[in-house]
Amino acid sequence: MEQPCILAVDDNPEIREIIKILLSGEGFLVDEAANGSEALNLVKEKSYDLIILDIMMPGPSGYQTCLEIRKSSNAPILFLSARTRESDKTLGFSSGGDDYLAKPFSYNELVSRARALIRRYQVYKGKEETAPSAPEVFSVFPFHEYRIDEGRRTVTKDGAEIELTDTEFEVLLVLVRNRRQIFSAQRLYEAVWDEPYYYGANNTVMVHIRNLRKKIEPDPKNPRYIQTVWGKGYRCD
């Protein structure tokens, strides 16, 4: 198996060096970009298994860079930023990010998040690569007016595809597969992100649920499909 390749995007060379030292030591190949424009050029030339993206940079911001990357790549994107307000995280996930880690960050946590995101992405890529010679059986789930195709990883309504990030799709798939079961934030996080629950992961789950509701609920402020069971978690009805 080829070594996973990571793109670290940050205007601070010291941060890039720390990321490169940490992740190279874990067996990953790491490329660097000092700003969003450099990152977009590299993404056009090369496929990455993970993109670590700062938010405040000269030129295109991390949010703008993420939106552009999403036009051509499904690689997981981990935002790494000193901006930790809820609105900052919401913007990050809304622009197509998969996870968010605040600066200053724990070295162990960065490695753990990187490994989890890459592992999930490589499983998905492996399904795509092996399907012609060893087809797997996937399910298609009817869900209200939607059709969820597990194999194609698409959600459609009247034949039109609803644009979801990979993480949003995984959240929806877990809940729909287990309709009417209540998933706590911890259980949902561990099922989707495939890593141990940590302090603050509840906000990550909450923002993804909120963004998912905006895309599939007739009235996101009064959700009918993805319900909150107060004090317990979430369920699909």
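Just so you know, residue 1 is the first one in the sequence shown, and it goes up from there.
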Item to complete: Decide whether N211 and S94 meet the rule of one side-chain donor and one side-chain acceptor closer than 3.5 Å.
Response: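 Side-chain D/A pair, N211 to S94: present.
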
Worksheet item: Judged by modelled atom types alone, do Y100 and N203 share a side-chain donor-acceptor pair under 3.5 Å?
Response: no

[X] and [Y]: same hydrophobic cluster, using ILVMFWY side-chain contacts below 4.5 Å?
X: I21; Y: I15; answer: no
X: M56; Y: Y63; answer: yes
X: V171; Y: I182; answer: no
X: I148; Y: V174; answer: yes
X: I51; Y: L67; answer: no

Side chains of [X] and [Y], heavy atoms from C-beta outward: is any pair under 4.5 Å?
X: T165; Y: F93; answer: no
X: L91; Y: I55; answer: no
X: I216; Y: I226; answer: yes
X: K44; Y: S72; answer: no
X: S47; Y: C5; answer: no
X: V140; Y: D149; answer: yes
X: T204; Y: H208; answer: yes
X: Q181; Y: R187; answer: yes

Worksheet item: Passes side-chain contact (heavy atoms from CB on, under 4.5 Å), T167 versus D98? Steps please.
Response: CA-CA 6 Å; T167 303; D98 294 277; 2.5 Å; yes

Say you draw a straight line from [atom1] of [X] to [atom2] of [Y]; how long is it, rounded to the nearest 0.5 Å?
X: N35; Y: D11; atom1: CG; atom2: CG; value: 8.0 Å
X: K232; Y: Q227; atom1: NZ; atom2: CD; value: 13.0 Å
X: S81; Y: M57; atom1: OG; atom2: CE; value: 9.5 Å
X: R235; Y: N178; atom1: CZ; atom2: CG; value: 13.5 Å
X: L78; Y: I6; atom1: CG; atom2: CD1; value: 9.5 Å
X: E32; Y: L42; atom1: CD; atom2: CG; value: 10.5 Å

Fill in: Verdict with reasoning, D10 to K103, per side-chain contact (heavy atoms from CB on, under 4.5 Å)
CA-CA 12 Å; D10 199 300; K103 295 177 182 177; 2.8 Å; yes

Fill in: Residue among L172, L175, T228 satisfying side chain to side chain contact (heavy atoms under 4.5 Å, CB included) with I209
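By the side chain to side chain contact (heavy atoms under 4.5 Å, CB included) criterion, I209 pairs with just one of L172, L175, T228: L175.
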
Ionic contact status for [Y] with [X], cut-off 4.0 Å:
X: E68; Y: K71; value: yes
X: D237; Y: R179; value: no
X: R115; Y: D99; value: no
X: E170; Y: R153; value: yes

Heavy-atom pair of closest approach, residues [X] and [Y]:
X: I118; Y: D49; answer: CG1-O, 3.8 Å
X: S61; Y: Q64; answer: N-OE1, 2.8 Å
X: G96; Y: C66; answer: C-SG, 3.6 Å
X: Y121; Y: Y48; answer: CE2-O, 3.7 Å
X: T65; Y: L40; answer: O-CD2, 3.9 Å
X: V9; Y: G36; answer: CG1-N, 4.4 Å

Is there a donor-acceptor pair closer than 3.5 Å between any side-chain N or O of [X] and the backbone N or O of [Y]?
X: Q3; Y: G27; value: yes
X: E190; Y: Y197; value: yes
X: R147; Y: T156; value: no
X: E38; Y: A34; value: yes
X: E168; Y: L212; value: no
X: Y225; Y: H144; value: no
X: S112; Y: N108; value: no

Worksheet item: Taking everything shown except K215 itself, do over 12 heavy atoms lie less than 6.0 Å from its NZ?
Response: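 Count over threshold, so yes.
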
Item to complete: Could you tell me whether E109 atom CD has more than 12 heavy atoms of other residues or ligands within 6.0 Å of it?
Response: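 For E109, atom CD is crowded (more than 12 foreign heavy atoms under 6.0 Å).
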
Worksheet item: Parallel under 30°, tilted from 30 to 60°, perpendicular over 60°: which one fits the rings of Y189 and W193?
Response: parallel

